[in-house]
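See below for the structure under consideration.
Note on naming: letters A, B, ... go to the chains in the order of the sequence lines (proteins, then strands), and numbering restarts at 1 for each one.
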Amino acid sequence: MESAEYISLSSDDDPLAAFIHRRVTAAQVQHAMDGINNPFFNRKLSQQYKKILLARRQLPVYAQMHEFYELFKRNQIIVMVGETGSGKTTQIPQFVCFADLPHKKGKMVACTQPRRVATMSVARRVADEMDVSLGKQVGYSIRFEDMTQPGTTFLKYMTDGMLLREAMTDPELSRYSTIILDEVHERTLATDILMGLLKNLSRRRRDLKIIIMSATLDALKFQKYFSTGEGAQGSLAPLLKVPGRTHPVEVFYTKEAELDYVEAGLRAVLMIHRAEPPGDILLFLTGEEEIEGACKKLKEEVDFLLNADPRSIGPLACIPLYSTLSPPQQQKIFDPPPPPSRGGPPGRKVIVSTNVAETSLTIDGIVYVIDPGYSKQKVYNPRIRVESLLVSPISKASAQQRAGRAGRTRPGKCFRLYTEDVFMNDLEEQTHPEVLRSNLANTVLELAKLGVRDLVRFDYVDAPAPETIMRALELLHYLGALDNQSNLTPLGKKMSQFPLDPQMAKTLIVSAEFKCSEEILTIVSMLSVPPVWVRPVTARGPADAAKARLDIPDGDHLSLLNVYDRFLEHIEEKTWAWTNFVSARSLYQARNVRTQLKAIMDRLKIPLVSTSSEHDRNDNIRKALISGYFMQVAHRDKGGGYLTMKDNQLVALHPSCGLDGTPDWVIFNEFVLTTQPYIRTVSAIEPEWLFKHAPSYFDLSTFPNGATKNALEIVEEQFKIKEEAEPKEQKKKRNRKKPQKKAAGDPQKVETQD
DNA sequence: GCGGATATC
């Protein structure tokens with residue numbers, strides 16, 4: 001690239017001079033690609049470009065360039081299906097650039113991806129293919145990293161969440177001439193919401209073209225969703241279908257159902273290792289603990305067999321893979337398989353992985369896939385307002401995706417540990433979209449900011465349960481983000497600026513009034529990153545001891561603040577995080593988030609304040625938390641457990657909780673349902689604070705009768721007496737000083753059915 | 001006794 005010489009082009013030399021906006025032909029484009037000069041950039045094309053172009057020509061999507069341009073010319077919205085290896089993600093956006101000529105029109109072409117890593121790597125690849133440097137004509141935009149140059153970048157890869165955020169400031173998405181949504185079959189929350197917005201926007205912006213790209217064959221659903229006219233057959237959005245290019249994978253089923261899928265998976269690994277030709281194995285399990293346990297068992301089994309007879313079996317490297325592993329640990333999946341023991345059978349590598357290996361990470365060299373048919377999936381129960389992770393059967397689409405992992409480099413085999421009958425008749429076609437499995441409080445706030453008036457009747461691809469939306473609206477009303485007409489309040493507008501859950505956003509916004517915005521900013525940042533506490537299977541004792549040293553007795557929120565501050569104190573010491581069993585990666589990430597949130601606070605003129613007394617500080621923090629998390633309070637039950645407010649659900653403190661003893665009243669960040677109902681990240685509170693800082697929620701006439709209500713009634717009585725005793729003058733003064741405080745802490749009520 | 005995966009101005 002360095003040796004490429006600059007040339008001066010007169011308009012006659014512009015390879016795209018004869019191109020008519022959105023009227024180009026495949027022949028014209030082919031010709032421009034084959035030229036001497038870069039069609040988009042005043043420079044000669046490099047040798048590397050030509051070499052890559054030869055490879056690009058082999059991609060299945062290339063053979064359909066003509067068909068693509070015909071469809072693109074005639075339609076505003078196109079649905080495209082292309083399996084792995086079709087080249088759609090890298091080629092289609094380039095095709096669009098030749099038609100849209102965004103560099104001449106002052107527009108951009110956007111292509112969204114569900115994941116950051118994929119966004120970066122595909123942008124890099126396409127920059128190479130177009131013979132430009134990344135971040136110039138071709139760039140990407142992900143959180144914390146904007147690799148674009150305004151005025152120069154005309155092809156932008158971005159995460160779906162990023163485009164959704166952009167839509168909040170520019171609902172017309174006016175910078176874009178074409179928007180391509182990729183990997184739509186994954187049905188992430190952001191993709192689903194974007195589909196709704198774009199469908200709507202397509203009616204207002206007739207010049208905006210939209211391409212929906214999906215890997216699986218559920219295209220008809222999207223064709224129907226984006227159909228023009230009123231549901232007549234002829235009005236379906238047109239479909240472009242591109243074949244994939246992978247190697248064949250032979251699929252095997254069990255004859256009978258397996259009782260223990262972990263055990264069956266391990267047997268399958270050993271069976272392959274003994275009987276099948278060389279090639280790596282990928283075994284899908286559901287979680288960290290299961291995976292570590294399986295790896296341990298597998299090693300023991302192989303060691304046992306090798307001890308008995310070293311010639312009976314080759315060495316087997318067992319590598320665990322899940323997202324919370326550090327990058328160097330994840331790198332191990334790319335190590336070569338172990339060499340054969342002296343004169344014995346060849347060695348083999350087996351990767352035991354969660355779903356990361358199904359979508360996010362591709363591992364070359366896998367020849368055998370073992371699919372027990374399960375994964376952990378998020379489930380939301382709006383009735384009890386709990387998101388939980390449940391081991392559930394995967395969908396057919398998922399099973400096919402898993403099988404495909406065996407055929408990336410050569411023909412492979414997939415062993416499904418369930419019967420063909422189960423596959424055909426029991427498995428769902430597609431995994432349920434995230435929008436049906438999530439708490440939508442955040443999404444509803446975003447939609448309100450986007451100007452969607454009727455959230456229940458929003459045109460979802462799949463509409464969530466009305467109760468889920470009601471729960472979200474209820475929370476937002478209580479928080480004061482929405483008024484009685486479900487309009488965004490000024491507070492709600494501020495909240496929507498933060499990339500945070502509504503409770504957290506509210507806490508952060510009001511924290512300045514509690515003189516602890518410095519601290520809440522840190523706590524909120526820590527709650528926005530993966531867990532900081534590291535607890536390796538081999539060092540649980542030392543890890544727990546280290547955590548105990550960092551814990552603050554009053555609550556886990558304060559402990560998070562403490563860890564962050566101690567980390568910054570020792571940031572020069574490279575081993576501090578390691579010796580204290582905390583994740584440096586999470587802490588750096590928290591620092592990043594903190595910087596970003598601080599910038600938003602500055603913009604909203606929310607001051608960063610603190611107080612010098614540690615006692616006051618710890619109280620202030622927990623009072624501020626109540627103004628956001630008043631619905632997440634629990635009271636200690638006679639049996640030793642806790643009962644949640646209003647719902648009266650029996651929960652236990654999560655084992656990771658660092659509270660000193662079992663305080664009567666606690667506030668918690670999350671309710672999780674794993675082996676039993678737990679509350680996690682818990683702090684002790686004084687019950688009078690509830691009446692003081694969330695008075696409208698703690699209107700006891702709305703509480704169901706029971707032990708919790710009785711306990712609250714006693715507290716309320718004492719609170720009233722105390723309030724009465726406070727001199728009237730002083731009270732007035734306080735109210736006058738902070739008039740906004742009441743508005744923030746005393747939200748609107750909403751009609752709900754409990 | 002203890003976390004699937006992903007994302008965010």
For residues 350-358 of chain A, tabulate all N or O donor-acceptor pairs below 3.5 Å that involve a side-chain atom, not counting sequence neighbours.
| from | atom 1 | to | atom 2 | distance (Å) |
| --- | --- | --- | --- | --- |
| A/T354 | OG1 | A/V356 | N | 3.3 |
| A/N355 | OD1 | A/R402 | NH2 | 2.8 |
| A/E358 | OE1 | A/S398 | OG | 3.3 |
| A/E358 | OE1 | A/R402 | NE | 2.9 |
| A/E358 | OE2 | A/S398 | OG | 2.5 |

**OP:** Ignoring backbone atoms, establish whether A/S528 has a side-chain N or O less than 4.0 Å from OP1 or OP2 of B/dT8.
**Re:** no
Original post:
So, is A/S323 close to the B/dG3 phosphate, meaning a side-chain N or O under 4.0 Å from OP1 or OP2?
Top reply: no
Original post:
In chain order, what residues pass the salt bridge (Lys or Arg N to Asp or Glu O under 4.0 Å) check against A/R591, with sequence neighbours excluded?
Top reply: none
**OP:** Ignoring backbone atoms, test whether A/R187 places a side-chain nitrogen or oxygen under 4.0 Å from the OP1 or OP2 oxygen of B/dT6.
**Re:** no
Original post:
Who pairs with A/R416 by salt bridge (Lys or Arg N to Asp or Glu O under 4.0 Å), at least two apart in sequence or on another chain?
Top reply: none
Original post:
Within the structure shown, what part of the strands sits under 4.0 Å from A/I600 by heavy-atom distance: base, sugar-phosphate, or nothing?
Top reply: sugar-phosphate
Original post:
Checking all strands, does A/R116 fall into the base, sugar-phosphate, or nothing category for heavy-atom contacts under 4.0 angstrom?
Top reply: sugar-phosphate
Could you go through residues 546-554 of chain A and list every donor-acceptor pair under 3.5 Å that involves a side-chain atom there, pairing it with any protein atom two or more places apart or in another chain?
| from | atom 1 | to | atom 2 | distance (Å) |
| --- | --- | --- | --- | --- |
| A/K547 | NZ | A/D551 | OD1 | 3.2 |
| A/K547 | NZ | A/D551 | OD2 | 3.2 |
| A/K547 | NZ | A/S656 | O | 2.7 |
| A/D551 | OD1 | A/S559 | OG | 3.4 |

Original post:
Want to settle it: does A/T354 or A/R165 sit nearer the 5' end of DNA chain B, counting the closest nucleotide to each?
Top reply: A/T354
May I have the list of side-chain donor-acceptor pairs in residues 532-543 of chain A shorter than 3.5 Å, sequence neighbours left out?
| from | atom 1 | to | atom 2 | distance (Å) |
| --- | --- | --- | --- | --- |
| A/R535 | NE | A/D544 | OD1 | 2.7 |
| A/R535 | NE | A/D544 | OD2 | 3.4 |
| A/R535 | NH2 | A/D544 | OD2 | 3.0 |

Subject >> Stretch residues 580-599 of chain A: residues that reach within less than 4.0 Å of DNA chain B through a heavy atom >> reply: A/Q596
**OP:** For A/I142, report the nucleic acid contact type (base, sugar-phosphate, nothing); a contact means any heavy atom under 4.0 Å.
**Re:** sugar-phosphate
